[in-house]
**Student:** 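Here it is, the structure in full.
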2 protein chains.
Amino acid sequence: MDKKRVRMSDVAKAAGVSRTTASFVLSGKDCAIPEVTRLKVRKIAEQMQYRPNATARSLVTGKTYRLSVVLNLPENFHNSFSMMDRYFTEVISGVQTGAWKKGYNLLLHTIEHPDWQHLRDDILSGASDGCILIARFADDPLTTSLVEANFPTVCVSYRIDHPGCCFVDAENRQGGDRAMEYLLSLGHRRIAFLYPGDHSSWGWERKEGVLDALRRASLPESALVSYSWQENRNPESCWLMEVREKLLKDPNRPTAIICCDESRACWFTEHLPEAGLRVPEDISVLGFNSTIISQRTTPPTTSVAQSLTEIGNAAVHVLDEILEGKLSAGMEHRFPMQLHIRQSTAPPSAEYEKKGSMERV
Amino acid sequence: MDKKRVRMSDVAKAAGVSRTTASFVLSGKDCAIPEVTRLKVRKIAEQMQYRPNATARSLVTGKTYRLSVVLNLPENFHNSFSMMDRYFTEVISGVQTGAWKKGYNLLLHTIEHPDWQHLRDDILSGASDGCILIARFADDPLTTSLVEANFPTVCVSYRIDHPGCCFVDAENRQGGDRAMEYLLSLGHRRIAFLYPGDHSSWGWERKEGVLDALRRASLPESALVSYSWQENRNPESCWLMEVREKLLKDPNRPTAIICCDESRACWFTEHLPEAGLRVPEDISVLGFNSTIISQRTTPPTTSVAQSLTEIGNAAVHVLDEILEGKLSAGMEHRFPMQLHIRQSTAPPSAEYEKKGSMERV
DNA sequence: CTGTTAGCGCGTTCAG
DNA sequence: CTGAACGCGCTAACAG
C-alpha cells in the first residue's frame, strides 16, 4: 500500500533542524533564518517529495483557500445539472477566473434535489472560506440561513431581503426598460411578458423596468400580459406549449413577447412558426442574456445582454474583500445591460397593428 | 466579530456526557448507546447549532469526500476556461451526477497557465481523496506525475502510456472507422483528416480507425490528407483559415473533411461556403461529439457522438472503486460511438467525382 | 455503556 | 536562532 506521506517533522529531522525551523522556511515566512539553512531545508524537502498537508494547515489557520459554489436546480428535474445551461457556464467561467486571480480553488457542492438543510450543513462544515450562490430565489431558505449564520456569502443574479445580503447582479430594471422601450419604438402596443414570477428578484426587477417604459410612454399597464412559470411543475415543454396555445387563441393577441429566460425565448423564436405565427412578421420575440444560444436561432433572437463572466468575476472579488475584512456586509454590485438587436424583432404587421388600434379605442 | 463556532465538546458538556459519547451519536455510529442519550445529545446539538468541523474530521480520518477535477487548458489562451466548451460542460455534468450519487463534492482546481508543478502540489495537498483529469494529452507531465505518485487518478477522454493509468473514454477507433466507412459508402475517395496530432490519444485512435476503414476498402492511405493543429500556436482562426486556403488551392481537392474537434468542424460547415465551397454539394463535413453545437449549424453537421455525461459519470464510479480498494490500477472503460447523420454530408458532386476518378487512374 | 487518553500534521508562542 | 509545548476539533483505541 501507500507508504505514509512524509511529514514536516520528517523533513526537519532529515535536515537536522527543528520542526519550527522547517515550518518557518517551508511556509515561506520572512523571519530571520540563515540563507544556508533555508536552502538546505528546501532541498531536503524537495528530495523527500514533501507536500504540506492542506487539511492540517487549515485546521490551525482556519483558512482553506476554497470557495463554495452552489448552483440552483434546473426547474425541470430532467437534467441533473444546471451547468448545462449556458448562463451557468458563463458565470462559472468568470468565477473561475476570479478565483484563480485571488488564489482560491472552487468547491462545487453536488446536489440533486432540494435538500437545502443538508446542503447548508455541508457549506457550514468549514470546508470552504465562503460561498457563492448562483441564480437562486428571493425566498430561498438556504440563502437566508447562510446569511443569518453570518457565513461569508455572495449571491449572484438574485438577492434576498436581508440587510446582510451581498449580491452581484445586472441592472435588471434598466434592462427591462430598454427592452420595452425598443419594442414600443417599433410600434408594438400589446406585449406578452414571460417571467419566473415575483419570487425571483430578476424577474420582478425586469418587470418593473418594463412597466417604467410603459408608463413613460403613457400607456396603460394592461398593454402588458404577464405569464409566470413559477407555479408550473410540469415538464418544460408543457408550459411553453400552453403559453403558445394561449397566444394563438387570444383574440387580442400580443404582437411581441419579452421572455426573461434565454432558452425559453429561443424556443419561441423557433417554435411559434410551427403554430402559424411567423417570427418576426406576425410576432416579435425578445429574450435575455444574448449568449451564443440567442445568436444561433433561426432567425437570431434579439436579446438583452449582461456580462455574465464579469458578474462571476466580481462575485469572487466581493467575497474576497469580505474575507479580508475590507468590506461590510450588505454590498451590492450592479452591471449594466445592453440590448442586442437581431432578426426576431420587427414592427408589428399592419394588420395586427390596425386590429390592435381598433380594440384599444 | 464571529463568536467561536460551537465544538463537539461544548455540546457534550451541555448535554452532560463525554466527548466520546457525543462523537458516537453525532457521527451516527451504530454503537450501543441508549436511545435517550442519543436523542438528548442530538437535541442539544440542534439547539446549539452545532456543525461538525469537516477539516478536523478529515485530518483524523484521512478522508475528505472531495474529488479534484482538472480541466485542460484551451489551446488558445484567449478564453481562460475550457468549460465554455460544450464538451466540458457535458462531461462535468456527468461527473457532478456521479459525485452526488457517491457522496462526493467536487474540488475544481483553478489554473490559468500551464504551471503544472504548482497544480500537482495543490492536488497532492490532501484537499481531496482523488482526482479526475479531463481531456489532457498523452504526454502530459501532470498526469504522469500523479500516477507515479500513486495518487488515485482517473483520466477522461485520454490516457497516458503507464501501467497504472486508469481511464474512461469512447471507442475512438471504432468511431473513426464508422465515420470513414460512411464517407466511403457515399462515394468519397479523397478525404481530409483534421486532428490534434499524435500526442493526443483520441486523435491518434480516431486516425487509426479511419485508416482501418480505408484498408478494409482496399484504398491507399494516400486517400487521406492529414492536417494537425498540434504545432499551431496562432490564434484559432488562423489555423482554420490556413486549412481552408490549402483546401481551396489543392488541385486534387478532398471532397470531404473529417474533423476531430466539434467546434472546428462546425466552423468549416459554416465558413467553407464563404470561400466558395458549398456544404455539402462541393464538400462534405463530418465532426465529432454531436452536441447541440453540431445540431445547430447551417446546415446541421454530421457528427460521431459519444455519451459525454455517461463518461463523466463512469469516471467517478471508477475513481470511487479505486478509493474503496475494489479496483486495481490500470482499469479502462470504453463507451461506444455512434454516427449521427445530418445535412453536412452528401455524395461527392459528379464533377469532383469524375475528376477524382481520372486522377486515381 | 461511558470517560480518559492519545494522536492526526501543522502553526505559533516562549524560553533558552 | 532553536527546541519544547500547546492547541486547532475531532476520531478511536483502551480502560473503567
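Just so it is clear: chains get the letters A, B, ... in the order the sequence lines come, proteins before strands, and each one is counted from 1. If you're wondering where the values come from, they're calculated on a predicted model, not measured in any experiment.
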**Student:** Among residues 48-55 of chain A, which contact DNA chain C at a heavy-atom distance under 4.0 Å?
**Tutor:**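 Contacts with DNA chain C under 4.0 Å: A/Y50, A/P52, A/N53.
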**Student:** Once salt bridge (Lys or Arg N to Asp or Glu O under 4.0 Å) is applied, do any residues pair with B/D10, and if so which ones, sequence neighbours excluded?
**Tutor:**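 B/D10: salt bridge (Lys or Arg N to Asp or Glu O under 4.0 Å) contacts with B/R7.
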**Student:** Whole angstrom is fine here: how far is it from NZ in A/K13 over to C1' in C/dG9?
**Tutor:**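 These atoms are roughly 14 Å apart.
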**Student:** Compare every heavy atom of B/V41 with every heavy atom of B/A15, then report the nearest pair and how far apart it is.
**Tutor:**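 It is CB-CG2, 4.2 Å.
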**Student:** Can you tell me how far the CD1 atom of A/I44 sits from the CG atom of A/L39, to the nearest 0.5 Å?
**Tutor:**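 If I round to the nearest 0.5 Å, the distance is 11.5 Å.
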**Student:** For B/A56 and for B/V17, locate the closest nucleotide of DNA chain C by heavy-atom distance; then report the residue assigned to the nucleotide nearer the 5' terminus.
**Tutor:**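 Nearest nucleotide further toward 5': that of B/V17.
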**Student:** Output the distance between atom OG (A/S58) and atom CG (A/N53), rounded to the nearest 0.5 Å.
**Tutor:**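 Separation between the atoms: 8.5 Å.
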**Student:** Given atom CZ of B/R57 and atom C1' of C/dG9, what is their separation to the nearest angstrom?
**Tutor:**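 These atoms are roughly 19 Å apart.
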**Student:** Under the ring-ring contact (aromatic ring centres under 6.0 Å, His included) test, which residues partner A/H162, sequence neighbours left out?
**Tutor:**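 Expected list: none.
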**Student:** Counting side-chain heavy atoms from C-beta on, which of C/dG3, D/dT2, C/dC10 comes nearest to A/S18?
**Tutor:**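 The closest nucleotide is D/dT2.
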**Student:** At a cut-off of 3.5 Å, list every protein nitrogen or oxygen paired with a nitrogen or oxygen from nucleotides 14-16 of chain C, distance to 0.1 Å.
**Tutor:**
none

**Student:** Nearest whole Å is fine: how far is C/dC8 P from B/L59 CG?
**Tutor:**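 To the nearest whole Å, that distance equals 9 Å.
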**Student:** Could you point out which residue of B/I311, B/V156, B/V154 forms a side-chain contact (heavy atoms from CB on, under 4.5 Å) with B/I134?
**Tutor:**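 It is B/V156; the other options fail the test.
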**Student:** Distance-only, no hydrogens or angles: does the A/N105 side chain make a donor-acceptor pair with backbone N or O of A/R66 under 3.5 Å?
**Tutor:**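 Checking the backbone N and O of A/R66 against the side chain of A/N105, no donor-acceptor pair under 3.5 Å is found.
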**Student:** Is any side-chain heavy atom of B/S307 closer than 4.5 Å to a side-chain heavy atom of B/F335?
**Tutor:**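 Not in contact.
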**Student:** Of the options C/dT2, C/dG11, D/dC8, whose atoms approach the side-chain atoms of A/M8 most closely?
**Tutor:**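 Out of C/dT2, C/dG11, D/dC8, the nucleotide with an atom closest to A/M8's side chain is C/dG11.
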**Student:** Do A/R19 and C/dG11 share a donor-acceptor pair, side chain to base, under 3.5 Å?
**Tutor:**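 Check passes, donor-acceptor contact within cut-off.
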**Student:** Give a yes/no answer on whether the side chain of A/S23 brings an N or O atom under 4.0 Å of OP1 or OP2 in C/dG11.
**Tutor:**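 Yes, A/S23 has a side-chain N/O under 4.0 Å of OP1/OP2 on C/dG11.
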**Student:** Between C/dG11 atom C1' and A/F24 atom CZ, what is the distance in whole Å?
**Tutor:**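 For the pair A/F24 CZ and C/dG11 C1', the rounded distance is 8 Å.
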**Student:** Picking from C/dG9, D/dT11, C/dG11, which would you name as closest to the side chain of A/T61?
**Tutor:**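 Within the option list, the nearest is C/dG11.
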**Student:** How are the rings of B/Y104 and B/Y65 set to each other: parallel, tilted or perpendicular (split at 30° and 60°)?
**Tutor:**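 Ring orientation, 0 to 90° scale: tilted.
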**Student:** Return the set of residues passing salt bridge (Lys or Arg N to Asp or Glu O under 4.0 Å) with A/D139 (not counting sequence neighbours), or none when no residue passes.
**Tutor:**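 For A/D139 there are no salt bridge (Lys or Arg N to Asp or Glu O under 4.0 Å) partners, ignoring immediate neighbours.
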**Student:** Rounding to an integer number of Å, can you tell me how far A/L26 CG sits from C/dG9 P?
**Tutor:**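 Whole-Å distance recorded here is 16 Å.
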**Student:** Nearest heavy-atom pair of B/G126 and B/T64: which atoms, and what distance?
**Tutor:**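 Taking every non-hydrogen atom into account, O-CG2, 3.5 Å.
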**Student:** Using five base pairs at each end to define the local axes, how bent is the helix from C/dC1-D/dG16 to C/dG16-D/dC1, to the nearest 10°?
**Tutor:**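 Computed angle between terminal axes is 50°.
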